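Just below is one structure, and these are the notes that go with it.
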Amino acid sequence: MTRKQSQSIFMMQGNQACAEGAILAGCRFFAGYPITPSSEIAETLAVKLPRIDGKFIQMEDEIGAMGAVIGAALTGMKAMTATSGPGFSLKQENIGYACMAEVPCVIVDVQRGGPSTGTPTLPAQMDVQQARWGTHGDHSIIVLTASSAQETFQNTILAFNFAERYMTPVILLLDEIVAHTTERVVLPDPETLEIVNRKQPAVPPEEYLPYRRTDDCIPILAPFGTGYRYNVTGLCHNETGFPTNTSQEIESQIIRLTEKIERHRGDIERNREILLEDADVAIFAYGAVARSARSAVRICRGEGIKVGLIEPVVLWPFPEERICEITGSIKAFVVPEMNLGQMAREVRLASRCAVDVHELHRVDGEPITPTQIADMVREVV
Amino acid sequence: MTRKQSQSIFMMQGNQACAEGAILAGCRFFAGYPITPSSEIAETLAVKLPRIDGKFIQMEDEIGAMGAVIGAALTGMKAMTATSGPGFSLKQENIGYACMAEVPCVIVDVQRGGPSTGTPTLPAQMDVQQARWGTHGDHSIIVLTASSAQETFQNTILAFNFAERYMTPVILLLDEIVAHTTERVVLPDPETLEIVNRKQPAVPPEEYLPYRRTDDCIPILAPFGTGYRYNVTGLCHNETGFPTNTSQEIESQIIRLTEKIERHRGDIERNREILLEDADVAIFAYGAVARSARSAVRICRGEGIKVGLIEPVVLWPFPEERICEITGSIKAFVVPEMNLGQMAREVRLASRCAVDVHELHRVDGEPITPTQIADMVREVV
Amino acid sequence: MDRYELRLSGSGGQGLILAGKILAEAVVIYDQRNAVQTQSYGPEARGGASKAEVVISDGEIDYPKATNLDLLLSLTQESCRKYSCDLKKGGILIIDSKAVTEIPEGEYKLYRAPISDIAVESVGKAVVTNIVALGILTKIAGVVSEEAVRKAILAKVPRGTEELNMKAFDAGLKTGEELLAS
Amino acid sequence: MDRYELRLSGSGGQGLILAGKILAEAVVIYDQRNAVQTQSYGPEARGGASKAEVVISDGEIDYPKATNLDLLLSLTQESCRKYSCDLKKGGILIIDSKAVTEIPEGEYKLYRAPISDIAVESVGKAVVTNIVALGILTKIAGVVSEEAVRKAILAKVPRGTEELNMKAFDAGLKTGEELLAS
Amino acid sequence: MAGDQSAAKQPAVIKVTVEWCKGCEICVAFCPKHVLEMEGGKVSVARPEDCNKCMLCELRCPDFAITIE
Amino acid sequence: MAGDQSAAKQPAVIKVTVEWCKGCEICVAFCPKHVLEMEGGKVSVARPEDCNKCMLCELRCPDFAITIE
Amino acid sequence: MFDYLKYIREWNFPHIWCSGCGDGIVLKALIRSIDKLGIDRDDAVMVSGIGCSSRTPGYIDINTLHTTHGRALAFATGVKLANPKLHVIVVMGDGDATAIGGNHYIHAARRNIDLTVLLYNNYIYGMTGGQVSPTTPRGMRASTAPFGNQEPPFNIAELAKAAGASFVARGDVYYVQKLEKIITRALEKKGFSLVEILSPCPTAYGRRNRMGHPVKMMEWIRDNTVPVAKYAKMTPEEREGKVCTGVIVDLDLPEYTEEYERLIEKVKAEK
Amino acid sequence: MFDYLKYIREWNFPHIWCSGCGDGIVLKALIRSIDKLGIDRDDAVMVSGIGCSSRTPGYIDINTLHTTHGRALAFATGVKLANPKLHVIVVMGDGDATAIGGNHYIHAARRNIDLTVLLYNNYIYGMTGGQVSPTTPRGMRASTAPFGNQEPPFNIAELAKAAGASFVARGDVYYVQKLEKIITRALEKKGFSLVEILSPCPTAYGRRNRMGHPVKMMEWIRDNTVPVAKYAKMTPEEREGKVCTGVIVDLDLPEYTEEYERLIEKVKAEK
Ligand SMILES: Cc1ncc(C[n+]2csc(CCOP(=O)(O)OP(=O)(O)O)c2C)c(N)n1
Ligand SMILES: Cc1ncc(C[n+]2csc(CCOP(=O)(O)OP(=O)(O)O)c2C)c(N)n1
Ligand code: SF4
Ligand code: SF4
Ligand code: SF4
Ligand code: SF4
Ligand code: SF4
Ligand code: SF4
Ligand SMILES: [Mg+2]
Ligand SMILES: [Mg+2]
C-alpha cells in the first residue's frame, strides 16, 4: 500500500481496505485464523494494530477466533475476525452465540468456490445463503457486501456501525476479486466519518438490566469491568441475562432477536441504483459481479436497451420492499451470480413472482464478464 | 424399550426408533458426541452396535465425529452421527466435505430452540433452513423429517437408502417431541425392508474413475482396501478424484453436485397427504407439528371446513411441484411451524405467490396445539 | 376411549418417569391399546418439579402432550401447586397426603394417601413409592388392567427387585381399593 | 484513454506481481489516472506460470481482469504459450528472447530482448529482471510516465536497493528505446 | 491453642437454610462431633452443644445451607 | 568393505529427470564428491567419474529428479 | 462467620445442582479465596463453557460469561487480552475442557495467558446425563460406555504441563481447606494456572458406579487422594488407583498479555 | 536402484512443492519404508489435512484421502476403526496437526489408535503464505508475526507423550537415512506412532528468516539437530536452540482397535 503524499489516495487490495476501514471504525481487536483468500486482512492488522494499542491474535482455529472476538467485544472493544468458507462454517456456532447474547462484532467472509475446500483461490459468491442461515436456530442477521476496494473500506465501517447500533454480529461478504484487486482508494479525513459507538447504561448498576425490553428492541451491554455485574449466556434468558425456562420469556427473546433487525430495515437497507427509472429490465447484482453489471448497463444502454441496475450494499435483510417496488415498473429481472442462483430466489420471492427472474450462474471459478450479462439482457428484452 | 413377545410391537422413543432403523438399514458405524435432545440415539447404539460387530465411538467433539463417519463410510461401511443445533453447526464444514467428496452417510439433527445453546430440552424446528444452507459453497442436499417414532424408524432407513443411492450425506431432522415421545413402534420383518447398498465398480482398477461423469450423475466409490486406489479430496476435482484448476472441470463438478439430487426429485420426494382433494385450505406441516395438524384437520372437517394437509417427508429438495399443483386447487395455505416461518417462505416461493400463505409461528418452547392450527384455519376460511 | 390424559408429578429422583413408562407399556404391549408417554427434561428434571405424562386412547394419538388432565398424581407440594390447574373438570387428583398439605381448589375428585409411608411400611423402602402410586392409580383410573401393569413392572424393574415391586404394587392396589370404597 | 490492458507473465518468483503493483501505482498515485491490478493466486502462483494484470483507464474500471490484452510481457516459454492467445489484434508482445524461443503466431507487434541477461549485465543480478522489463514496457507501451514509474519503484522496493533498481530501470528504458527504434 | 479453647467455650450457633438444604448428608457424615442428623430428608442440628466449630460442615455443604457462627 | 569397493569400481549412472528438477541445489551442495553442478537453474552431472554412489543426492532430492544406478 | 451472601446471586438459589454435587463446594472455596485476596468483584470475570459445572456463573456476583461448550478459554483469551486488568477465572467441566475444548486448553496453556482455570473433574458428562468423558477411568461405566470404558483417560494436569502452563495443581472437595489454598495460589499466579478439582457427580457417575450416595463419593476422594510429595515417593504399584493432589508445577514463565504489552511498546518505539 | 515410480502417481508430477521444499524428501523416505516392509499398496491408506505437506496424497499411489484442515486424525480414526486391517498413515503439517487439529491430535494419542502419523514441521503455514504456527520458534518472523513471534512454541513430541502416544520420535530431511529408519519403526508399531519431521519451507519461512536458500535450511538442520541420547546428556544451556532427533517414546500400551475387538468379543459372549 503506497500513499500519495498530498492527498489521501492509496493503492490497495480490498483486503487491505477492509483492514483500514476497521481501524478507522475503531476496531482495536482482531482474532483470526489464516485462510486464503482472506489472510491479507489479518496480515495487515498484525502490523497495524500494535502500533495503535490494538491487539492482534492468531488463534488456534476459527472457532477460537470467533470466541476471542466475542470475549473482547464484551470488554467494550470493537472486534473483528476474517475468514473464508471453511472457516466461516466453523465459526457458525459462535456466530449464533453472538446473535443470542447480542454481542457486537464483525465477521468478514471472503468467499471461495465450494463446498468444502473447493477452489481456495478462485472467486465465488456461494456463501450468501449460508450467511443468513448458517447457524442453528431462528435469528436475524445483517450481511453487507462490497464491489470494490473503496466500497470495502466504507462498508467495513458501516458493518461496525451496524454492529454497535444494533448490538449484533455483522457479516461482510466479499469475493476473491474484490479482496485481491489492487485499486485506488481514497481515505477520507477521519473526522468526517460517522462512527457509531454502542450505548452505555444510563442507570446505576442497581437498576441495570442488560437485556431490558426497550422500544427499539436493542439491549445495552455495559463493558465488563465498569461496575455493572451481569450475566451473559447463550441459553435463552430474560431481561436480567439469566437463563429462563418460562415460555413467555423465551418467546419474547427469540422474537426480539429478529425484530431488532427487521424493525430497523429502513435504517439498514442500502442499495446503489443505476438508471432504473425507465428500465424495462433490472439487473440485480452484488460484489464483483456488480462491476460487470455496470459495464453491461453501459453497453446495453449504448444499444438503446432500457436496462437498469440495483446493487444491494446490504444483502440481508434482503431489500424486499425495494425489489417489490421495482417489480412494478419493469418486465424482468436479470440476476447474475457466481453461484447457482442463491439471491435470485430472494428476488423471485420479493417480486412476488410478478415478473420473470432470469438467472445467470457462473461456478467455474471465473468472473462473470460484462458481455455475458449484456448477452442475457439482450436475450430477455 | 420393551418387546411384546408374539408380535414385533415395541414401546420406544423416537431416538431409540432412529437407532433401530439405522441398524436395520445396515448401519455398523456410529461416531458422535453427546448432546440433548439427541443423546439416546448414541446411547442405544453404544449398547447395540458391538453386539453385531458394529463400531461405536464417542469422539472428542462433533467435528471429529463427522470426520470419523466420513472416514468409516469410505471403507464401505454405512455410518451415522447424531446431534442437535450447536453440534450441527459444528459439523457443517465436514458435511460440506461429504457433499463435495460424495460420501454417503446420515446425520441426525434433533432440533432444539435457539440460536446458540438456546433451549436445550424444548422442542423447535429452527434448523430447517440451516439443513439446506448450513455449509459454505453451492451444493444440494437431501433432508428428511419424521412425526412419530414409527416414522423415525422408517425414515432413518430411507435416509440410509438415499445416502447410498445418491452418494451423499443425508440429514434427518427431528424435533424434541418426536425424539422423546415414547410410543408404539411396529418393527417389520427385516426381510421385507428395501435396503439400498451403494454401487460397486464394474470395471477393473485400471479403468476405474471414481467420479466418472455418468448419466445419473452419481459416482461409484470403491471401498478403501478393495484394490481400487484413488484419491478423495474436498478440493474441486475431476473424474479421477485429483484436484483441478480447470474451469470446465470445476463447473462440471459443482453443477453435478446439485444435479444429482435435482434430477432425481421424482424418486426422492415423498409427501403424506390428507383430504387435499376438495380442500379450500391446505395445511403444510412437518415433524411433531404435523401430528397437531392432523387433529386440526379432524376438528375442522367436523365443523364442515374443507381443509387438507400435506406433510412432506422430504423437506429438501423442497416439494416445489406438488405445492405448485396444490396451489391451483386451494385458496390458502396455513403453515404452522415451531420457528419464525422458515418453510413458509418455501411454500410461498413454490406457490408462486398465487395464494395467501398464512404463517403460524411458535417459538416459546411449547408445541403447537391442534386448537391453534384449527383456529387459524377457521380465521382463514 | 377417545383420549385419557394422566400426569405423574413429583420431584426428580422419585421414579415417576419410570412409572409413566411402565403405565404406557402396560397399555400398549399388554392391553394392546394405544398410549404415548412423554416427560419433562431439563433443569426441571433435576431437583425441582418433575413430570411424566401418559395419554391413552383407542385411536391414533396425534398430540402427545397432556394438557387437559383426566388424572393428576402429585407426590410433592410444589408439583401439585404447579400442575393442578391443568386438571379437567371432574378429573381425578391423587396426592401423597404427607407431602401435599395445601390442597388446591377446583372441581375434581380428590384421593389422598400417605403414599411414601405406605411404601416404607409395605416393603421397608421409600424407593418404591412410584410403584405404590402406580397401584393406587391403576385401581382408581381404571384405564389399564392390573395384569398388564404387573407384567410391565416385571419387564422394566431391575432384576432382583421383582418381588419387592410386586409387594409395593399390591399395597398400592389395596390402598386404591380402600380409597374408592371410602 | 478508455481501457488499456497489460499482463506481465512468467514464473513464480520472477517478481512480476511486484512489477504489476509498481506499474499500477505509478499510474494512479503519480500519473493520477486510474488503474487496477490483479494477479494469479494458488498453485499456479507456486512454481508454474504466474501473472500480474494491470488495466489502465481514464474512467472507472468496472471489470478488473485483463481479457483482451493490449500488451503481454512473457518471461518464460510456458507463460507465452499460455497467454498469447489473449492478445488483441495489433497488440504488443514483449518477450525475453532467451527464455521464449517458440514464438506464437498472431497479428501483434513483437519486441524481443534478452531481458534477464540485461539485468545481469546492468547490475549483476537477475533479481531485477522485473524492473528491467518494467523499463522496456514503459517505453514501448507509452501509457505511463517514466517519472511516475521511477517514483513508484522507489516507493516499493526494499530500502537499500533503490540505486540498483534505478539502474535496472534505466537499462530497461534504454532497451525499450532501442527496440522502438529498430 | 488458646483461641480454640475460648471459641469452644462460646456455644456454636449453627444456622441451617432449610429451603436450600438438599439433604445430601455430607455435613452429617463428616461432622467429627456427630452434631448433625438427617430428618425428613434435610439436615437437623441434633447436638449443637457438642459442636467444636471445626467449620467442616459449612465448608463442605454444597448448597450454602449450613453456617457456623 | 569389499562391497563398497566393487561398487566404486563400476562407474555410477547418474540419471536426472530434467523436467522435474527445480534447481534447489541440495544435491549439489551436499554431494561429498562434488560430482554435481548447477547449470541454467538445473542440476547437471559434471564429474560422474568421481561419484562414490553414496546415494545422498538421490535420497535428498525433493523432486524425484536424480537417481543413482 | 464468612459472609457468602456478599458474593452470590442469592435470587438464583437454591442452585440447580443435584443433592451432593461437589460443584457448590468448589464455588464456596473460590469465593473464600476471592475474598481473602480482596479481588474487586467489578474487576473479576468468570467465563465458563457448558455443563453442570459451567452453570457456576449464574451464582457468583461478578461479571459472568457462560459461553458455548468447550470454548470458554477462547472467549476468556479475548476478554483478558482486550483488557488485561481484569481477573479472569475460567470454569469448565472435564468434558468441556478436555473433550470438545481440548484444543483451546492446550493453546491457552501454551501461550501462558494469565487465566485462572478451575477444571471440575467428575469423570463424566453430568449435564447431559452421564456419557463417558476423556477422564473417565478405564472400566468405569457411563451411558455411552455401557460395558465399561475401554479408553485410557487423560492426565489433565500432565497435559497442561506438557503444553506449557506455568501453574498446575490438583485439589478436591473433601480436603476443601487445601483446595482453597490451591485456588488462592492459582489466583495469585501471573500466567496460565490450572486447578483440576475432583468434584463428585453422584447422579450421573456415582449411581452407575456403585457410589450413588454423595457420602460414598466423598469417602472415595478421602481414601484415594495422596499429597504430591507422598505420591512422588510411591512405587508404580502403590500409585495404582490413587490420585495425587497439591501443586504439581509452579514456574516463572513470561505471561502472554505482559509480553503483548512489551510488543506494543517496542513497535511504538520503532515507529 | 530403488524404483520410486512403482509407488508414485507419475502423472501428477512435477509436484506442486517449491524448489527445495523438504516435503518431497519425506515422501521418498516414506516410500522406501513402505517398500522395505512390503506393505501392500491396496491395504495402505494415506489421510491428510490441508496444507502443502497435506498435498502428499496426490503423489503416492495408495488409497488416499485429503480431508479438511486439521481433521485428518478424525477421518483416519473412522477409517481405522471401521477397517482395522488397513495400514493408516496420516500426513499433516504443523499448523494442521497442532493449531486447528490440536484436539484430534491429543485424543488420537490418548486412545492410542494404530495410526502412523507423519507430522511435517516447517515452523510455518506454508500453503497460505507464511503465517505464524504454534511451532514457530520465539522471535522468528511470519506474515502474522511481523515483529517476531512472541508466543512460546509447542513441543510437539512432548505433547503426544503427555497425551498417551505409545511411539514418539523426531526426524529430519537432512539425516534422511535415519528418518527412513524411524518411519519404518513407526509403521511397524501397533499404536499411535508420531514422527515429527523437520522439513524446511524455504519459501514461506526461510525467506523471512534469512534462510531463503534451500541449502541454508538444510545446513540449519544439520547444525542444530542432536541425537536423543546425546541431548539427554546436555545441560539446559547447551540445549538452547537445539532440537533432538530420534525415538523419544516407545511403550507397549493397549491399542484402541484391538481393545475394541476385545470388547466386541466380550459383549457377544455375554449376550
Ligand atoms: C457443541 C455442543 N456439543 C454438545 C453439547 C452438549 N453438552 C452440554 S454439557 C456437555 C458435557 C458436560 O460434561 P462436563 O463438561 O464434564 O461438565 P459437567 O456437566 O460434568 O460438569 C455436553 C456434551 C453442547 N451444549 N454443545
Ligand atoms: C478450516 C480452514 N481454515 C483455514 C484454512 C487455510 N489453510 C490451509 S493450509 C493452512 C495451514 C498450513 O500450514 P501447515 O499445516 O503447517 O502445513 P504446511 O503448508 O506448512 O505444510 C491453512 C491455515 C483451511 N483450508 N481450512
Ligand atoms: S462445625 Fe464441625 S463440629 Fe460443628 S457441626 Fe460443623 S462439622 Fe460438626
Ligand atoms: S451438606 Fe448442606 S445440603 Fe447437604 S445435608 Fe448438610 S446442610 Fe443439607
Ligand atoms: S551418489 Fe553421492 S557422490 Fe554420487 S553424485 Fe550423488 S551425492 Fe555425489
Ligand atoms: S536436489 Fe533434485 S531438484 Fe534439487 S537441484 Fe538436485 S536434482 Fe534438482
Ligand atoms: S448431574 Fe452430576 S455434575 Fe450435574 S449437578 Fe447433578 S451431581 Fe452435579
Ligand atoms: S510454501 Fe513452503 S511448505 Fe509449501 S511447498 Fe513451498 S517450500 Fe514447501
Ligand atoms: Mg464432567
Ligand atoms: Mg507448516
Side-chain angles (χ1 to χ4, degrees), chain A residues 63 84-90 92-97 99-101 109 111-122 124 126-127 129-130 132-139 233-236 245 247-248 250-251 254-255 257-258 339-340 342 345 348-349 352-354 362-366, chain B residues 63 84-90 92-94 96-97 99-101 109 111-122 124 126-127 129-130 132-139 233-236 245 247-248 250-251 254-255 257-258 339-340 342 345 348-349 352-354 361-366:
Chain A
I63 301 174
S84 179
F88 195 47
S89 287
L90 289 172
Q92 291 299 335
E93 191 203 3
N94 279 345
I95 292 175
Y97 183 92
C99 290
M100 187 64 148
D109 171 21
Q111 300 164 91
R112 48 162 75 183
S116 196
T117 317
T119 50
T121 57
L122 301 179
M126 298 186 182
D127 306 348
Q129 287 288 347
Q130 186 195 23
R132 172 67 185 88
W133 300 110
T135 195
H136 62 282
D138 246 323
H139 63 290
T233 178
L235 282 164
C236 277
N245 259 307
S247 359
Q248 299 93 299
I250 293 169
E251 179 174 42
I254 299 284
I255 289 180
L257 289 183
T258 291
N339 61 44
L340 294 173
Q342 295 192 14
R345 69 200 310 274
R348 197 163 274 135
L349 198 54
R352 313 181 137 269
C353 307
R362 186 145 198 184
V363 293
D364 64 354
E366 297 290 329
Chain B
I63 301 173
S84 179
F88 194 47
S89 287
L90 289 171
Q92 290 300 335
E93 191 203 3
N94 279 344
Y97 182 92
C99 290
M100 187 64 148
D109 171 20
Q111 300 163 90
R112 46 163 74 185
S116 196
T117 317
T119 50
T121 58
L122 300 178
M126 298 185 181
D127 306 348
Q129 287 287 347
Q130 185 195 24
R132 172 67 186 87
W133 300 109
T135 196
H136 62 283
D138 247 320
H139 63 291
T233 179
L235 283 164
C236 278
N245 261 307
S247 359
Q248 300 93 299
I250 292 169
E251 179 175 41
I254 298 287
I255 289 179
L257 289 183
T258 292
N339 62 43
L340 294 173
Q342 295 192 12
R345 70 201 308 275
R348 198 164 273 134
L349 198 53
R352 314 183 136 269
C353 307
H361 307 158
R362 185 146 197 183
V363 293
D364 64 353
E366 298 291 329

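Computed from a predicted structure; not experimentally measured. All chains are named by letter (A, B, ...) in the order of the sequence lines, taking the proteins before the strands, and each is independently numbered beginning at 1.
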### Task
Heavy-atom pairs under 4.5 Å with chain A are the metric here; pick the option from B:Ile63, B:Leu235, B:Asn94 that has the most.
B:Leu235
### Message
Looking only at heavy atoms and a cut-off of under 4.5 Å, which of A:Gly365, A:Cys99, A:Ser247 has the most pairs with chain B?
### Response
A:Ser247
### Query
Would you say B:Asn339 and A:Ile254 make side-chain contact, with heavy atoms under 4.5 Å?
no
### Message
Taking side chain as everything from C-beta outward and backbone as N, CA, C, O, which of these in A:Phe88 sits under 4.5 Å from a heavy atom of chain B? Side chain, backbone, both or neither.
### Response
neither
### Summary
chain A shares the most heavy-atom pairs under 4.5 Å, among B:Leu340, B:Thr258, B:Asp127, with B:Leu340
### Message
Quick check for you: among B:His361, B:Glu366, B:Glu93, B:Gln92, which has the greatest number of heavy-atom pairs under 4.5 Å with chain A?
### Response
B:Glu93
### Message
What verdict does the side chain to side chain donor-acceptor pair (under 3.5 Å) test give for B:Gln342 and A:Asp138, after you've listed the backbone C-alpha separation in whole Å, the side-chain angles of each residue and the deciding distance to 0.1 Å?
### Response
CA-CA 9 Å; B:Gln342 295 192 12; A:Asp138 246 323; 3.0 Å; yes
### Task
Identify the heavy atoms of A:Thr117 and A:Arg112 that sit nearest to each other, and give their distance.
O-NH1, 2.9 Å
#### Entry: Choice from A:Ser84, A:Ala101, A:Cys236, A:Gly118 maximising heavy atom contacts with chain B below 4.5 Å
A:Gly118
### Query
Minimum heavy-atom separation for A:Ser89 to B:Gly134, with atom names?
OG-O, 4.2 Å
#### Entry: For the student: nearest non-hydrogen atoms of B:Glu251 and A:Asp364, plus distance
CB-CB, 3.5 Å
## Note on the structure
Under 4.5 Å to a heavy atom of chain B? For A:Gln129 that would be both
### Query
With chain B, which of A:Pro86, A:Ala354, A:Gly85 has the greatest number of heavy-atom pairs at distances under 4.5 Å?
A:Pro86
### Side chain / backbone / both / neither for A:Ile95 at chain B, heavy atoms under 4.5 Å
neither
### Message
Could you measure the distance from the NE2 atom of B:His139 to the CG atom of B:Leu257? Nearest 0.5 Å is fine.
### Response
9.5 Å
### Query
Hey, are the side chains of B:Ile250 and A:Leu122 touching, using non-hydrogen atoms and a 4.5 Å cut-off?
yes
### Task
Considering only heavy atoms and a distance below 4.5 Å, find which of A:Arg362, A:Met126, A:His136 pairs most often with chain B.
A:His136
### Heavy-atom contact with chain B under 4.5 Å, split by part of A:Thr135
both
### Task
Could you have a look at A:Cys353, A:Gly234, A:Gly96 and say which one has the most heavy-atom pairs with chain B under 4.5 angstrom?
A:Gly234
### Query
So what's closer than 4.5 Å to chain B heavy atoms on A:Arg345: side chain, backbone, both or neither?
both
### Query
When rounded to the nearest 0.5 angstrom, what is the spacing between CD in A:Gln130 and CZ in B:Arg132?
11.5 Å
